[in-house]
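All residue numbers in this chain count up from 1 along the given sequence.
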Amino acid sequence: MIEPTKILYTKDLTVGYKRKKADDFILLDNLNLSIESGELICLLGQNGFGKSTLLRTLTGVQKPLKGDFFINGKSINSYERSQLAKVLSIVLTDNLNIGEVSVHSVVSMGRYPHNNWLGMLSGKDHKVINNVLEITGLTPYKEKMFSELSDGFKQKVMIARALAQDTSIIFLDEPTAFLDIPTRIEILSMLRSLIKEFNKSIIFSSHDLDLALQTADIIWLITKDQKIEVGSPEDLVLNGHFEKAFNKKEIKFHPQRGIFKMNRTANTKIQVKGNKLDVIWTERALERIGISVEGNEKSDGSIQIENKDGKLVWHLNHNSQLVEFHSISELIKHLKK
């Protein structure tokens with residue numbers, strides 16, 4: 001028995017592509033997933049493993065190869081297109097060029113499932129649109145042309161349009177693609193706020209592991225054998241699933257820091273001591289030039305970081321020499337010689 005809070009769930013769902021003269025091309029099979037009310041879910045996985053295909057299937061754009069999925073307890077097959085538009089909305093990255101129309105007009109498009117047969121906006125529609133513009137911080141830009149906006153603002157407008165559609169589930173395919181880091185954080189922070197205020201369920205695909213770890217309630221992680229592991233970001237890190245999913249010869253996921261690092265053969269090991277923040281950034285610089293700072297193995301030298309009258313000093317003990325530096329760049333230049 002599915003709990004009432006499960007607004008979407010799949011039953012033995014298989015996604016991929018039909019081929020005329022060959023067997024079906026299966027990307028993900030026998031999926032039994034669910035979305036609860038008020039969850040922010042991130043779909044992660046390597047390129048080509050089926051993220052976009054799964055989202056297209058769950059939004060009814062593409063038919064599953066096998067199995068079924070249910071929204072509010074009803075099979076997707078029992079929904080008319082007009083009905084489906086009232087329960088789920090979609091934001092696609094490739095929809096950011098929609099012509100010479102105003103921000104207000106784009107957001108208004110989200111009300112189309114609720115319009116009468118003439119397509120006229122009612123008083124309620126205008127109230128919803130104005131409320132959405134206010135919530136997303138777009139009111140000052142409502143008369144601005146969509147084509148004149150930055151990519152980050154365009155993405156906010158498309159999310160606002162989905163919000164105006166007033167569905168219980170919002171799907172976003174790579175919503176932070178091609179955006180700078182501050183804008184990515186702003187977009188995902190806005191999604192979290194929308195969930196808190198409106199109890200929406202949002203699922204987005206992403207390549208940005210760091211932001212997914214910081215923002216998602218649940219992660220659907222596509223593994224190398226093309227199964228999906230489901231759990232909180234912290235659980236998936238602690239049980240080793242992130243390492244299994246993404247580790248390659250050239251890179252390795254480090255659960256201690258929640259980041260990927262390039263694998264380099266290190267012939268030198270140096271211990272770093274000092275204030276925690278100073279140590280972290282010094283270690284990053286050392287690792288960049290192939291010096292190991294990890295483990296308890298016998299080191300080839302040490303660095304003691306000291307704060308002298310508000311200025312940092314790095315004391316390097318290496319090759320029987322004690323040398324003092326006043327910046328990381330000086331330290332690195334010396335060690336690269």
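- When the shell of 6.0 Å around CG of L322 is examined, it contains more than 12 heavy atoms from other residues, nucleotides or ligands.
- The closest donor-acceptor contact from the side chain of Q165 to the backbone of K86 lies at 3.5 Å or more, if one exists at all.
- A donor-acceptor contact closer than 3.5 angstrom links the side chains of S105 and S102.
- At distances below 3.5 Å, not a single donor-acceptor pair connects side-chain atoms of T167 with backbone N or O atoms of L163.
- A distance-only check finds no donor-acceptor pair linking the side chain of E197 to the backbone of L194 [under 3.5 Å].
- At distances below 3.5 Å, at least one donor-acceptor pair connects side-chain atoms of Q46 with backbone N or O atoms of A245.
- The closest donor-acceptor contact from the side chain of R192 to the backbone of L40 lies at 3.5 Å or more, if one exists at all.
- Put simply, CD1 on I71 and OG on S78 are 9.0 Å apart, with the number rounded to the nearest 0.5 Å.
- The distance from atom CH2 of W220 to atom CD1 of I228, rounded to the nearest 0.5 Å, is 7.0 Å.
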Inset, instruction - For the pair I159 and M190, evaluate side chain to side chain contact (heavy atoms under 4.5 Å, CB included) and give the outcome as yes or no after the intermediate values. - result: CA-CA 9 Å; I159 293 170; M190 185 174 75; 3.7 Å; yes

Inset, instruction - Evaluate the side chain to side chain contact (heavy atoms under 4.5 Å, CB included) criterion for residues L286 and I332: first the C-alpha distance (whole Å), next the side-chain angles of each, then the deciding distance (0.1 Å), finally the verdict. - result: CA-CA 7 Å; L286 295 174; I332 296 306; 4.1 Å; yes

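- Connection of I289 to W314 is established within a shared hydrophobic cluster, with ILVMFWY side chains joined at heavy-atom distances below 4.5 Å, either directly or through further cluster members.
- Inspection of the N317 and S302 side chains reveals no N or O donor paired with an N or O acceptor under 3.5 Å.
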Inset, instruction - Check step by step if side chain to side chain contact (heavy atoms under 4.5 Å, CB included) holds for S108 and L121. - result: CA-CA 8 Å; S108 299; L121 294 173; 4.2 Å; yes

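- Hydrophobic clustering keeps F69 apart from I26 (ILVMFWY residues linked when any side-chain heavy atoms are closer than 4.5 Å, directly or through intermediates).
- Nearest heavy-atom pair across G16 and T53 is N-CG2, 4.1 Å.
- Taking the six-membered ring where the residue is Trp, the centroids of F171 and F204 are separated by 6.0 Å or more.
- Of the residues L13, L43, I76, L31, the one that meets the side-chain contact (heavy atoms from CB on, under 4.5 Å) test with L58 is L13.
- Under the 4.5 Å side-chain heavy-atom criterion for ILVMFWY residues, no single connected hydrophobic cluster contains both I218 and L238.
- Separation of atoms OG1 (T282) and CD1 (I291) is listed at 11.5 Å; rounding is to 0.5 Å.
- Distance alone, capped at 3.5 Å, is enough to place a donor-acceptor pair between the E39 side chain and the E36 backbone.
- Relative to the six-membered ring of Y141, K144 misses at least one condition, a distance below 6.0 Å or an angle of at most 45° to the axis.
- Here the closest heavy-atom approach between residue T136 and residue A160 is recorded as OG1-CB, 3.9 Å.
- Looking at V106 and M158, their side chains come closer than 4.5 Å, going by heavy atoms from C-beta outward.
- Across every non-hydrogen atom of V279 and K273, the tightest pair is CG2-C, 3.7 Å.
- Side-chain N/O atoms of E174 and H207 include a donor and acceptor closer than 3.5 Å.
- Under 3.5 Å, the side chains of D300 and T268 contain no donor-acceptor pair of N or O atoms.
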Inset, instruction - For E306 and H315, run side chain to side chain donor-acceptor pair (under 3.5 Å): C-alpha distance rounded to whole Å, both residues' side-chain angles, the deciding distance at 0.1 Å, then the answer. - result: CA-CA 8 Å; E306 181 185 8; H315 301 280; 2.8 Å; yes

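- When D210, D208, T215 are each tested for a side chain to side chain donor-acceptor pair (under 3.5 Å) with R184, only one passes: D208.
- By the 30° and 60° cut-offs, the orientation of the rings of F325 relative to H334 is tilted.
- Within the 4.5 Å cutoff, side-chain heavy atoms of V103 are placed close to those of L133.
- The number of heavy-atom neighbours closer than 6.0 Å to NZ of K224, taken from other residues, nucleotides and ligands shown, is above 12.
- Side-chain contact between I202 and I41 is absent, with no heavy-atom pair separated by less than 4.5 Å.
- One hydrophobic cluster, built from ILVMFWY side chains closer than 4.5 Å, cannot hold both L54 and L65; they sit in different ones.
- Between the side chains of T10 and N32, no donor N or O sits under 3.5 Å from an acceptor N or O.
- No salt bridge links D68 with K11; every basic N to acidic carboxylate O contact stays at or beyond 4.0 Å.
- Within the 3.5 Å criterion, the main-chain N or O of V128 finds no donor-acceptor partner in the side chain of N131.
- By the 4.5 Å heavy-atom criterion applied to side chains, S201 and I35 are counted as neighbours.
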Legend entry - Steps toward side chain to side chain contact (heavy atoms under 4.5 Å, CB included) verdict (L213, F242): CA-CA 11 Å; L213 287 171; F242 271 109; 3.7 Å; yes

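- Taking the side chain as every heavy atom from C-beta outward, L312 and N307 approach each other to under 4.5 Å.
- Nearest heavy atoms, T176 versus S206: OG1-OG, 4.3 Å.
- For Y17, the OH atom sits in a packed shell: over 12 heavy atoms of surrounding residues, nucleotides or ligands are nearer than 6.0 Å.
- I129 is listed as a side-chain neighbour of R111, based on a closest heavy-atom distance under 4.5 Å.
- The shortest heavy-atom contact between L236 and G231 is CD1-O, 3.8 Å.
- Residues M109 and Y112 come closest through the heavy atom pair O-CD2, 3.0 Å.
- Other residues, nucleotides and ligands place more than 12 heavy atoms under 6.0 Å from the NZ atom of K74.
- Of the possible donor and acceptor atoms, none in the side chain of D278 sits under 3.5 Å from a partner among the backbone N and O of G274.
- Here the CD1-CG distance, from I195 to D217, works out to 6.0 Å after rounding to the nearest 0.5 Å.
- You'll find the side chain of E287 reaches within 4.5 Å of the side chain of V293, heavy atoms only.
- A salt bridge does not link K124 to D166: none of the charged side-chain nitrogens sits closer than 4.0 Å to a carboxylate oxygen.
- A continuous path of Ile, Leu, Val, Met, Phe, Trp and Tyr side chains, each step under 4.5 Å between heavy atoms, connects L179 with I185, placing both in one hydrophobic cluster.
- A distance of 4.5 Å separates NZ in K308 from CD in E324, rounded to the nearest 0.5 Å.
- You'll find the side chain of H326 reaches within 4.5 Å of the side chain of V313, heavy atoms only.
- Judged by distance alone, the side chains of E229 and T223 never bring a donor and an acceptor atom under 3.5 Å apart.
- Proximity of a side-chain donor or acceptor of S89 to a complementary backbone N or O of I170 within less than 3.5 Å is not detected.
- Side-chain contact, H241 with D235: no donor N or O sits under 3.5 Å from an acceptor N or O.
- The line from CG of L28 to NZ of K51 is 10.0 Å long, rounded to the nearest 0.5 Å.
- In the displayed structure, D23 atom CG is contacted under 6.0 Å by at most 12 heavy atoms of other residues, nucleotides or ligands.
- In summary, K66 and D24 do not engage in a salt bridge, as defined by a charged side-chain N under 4.0 Å from a carboxylate O.
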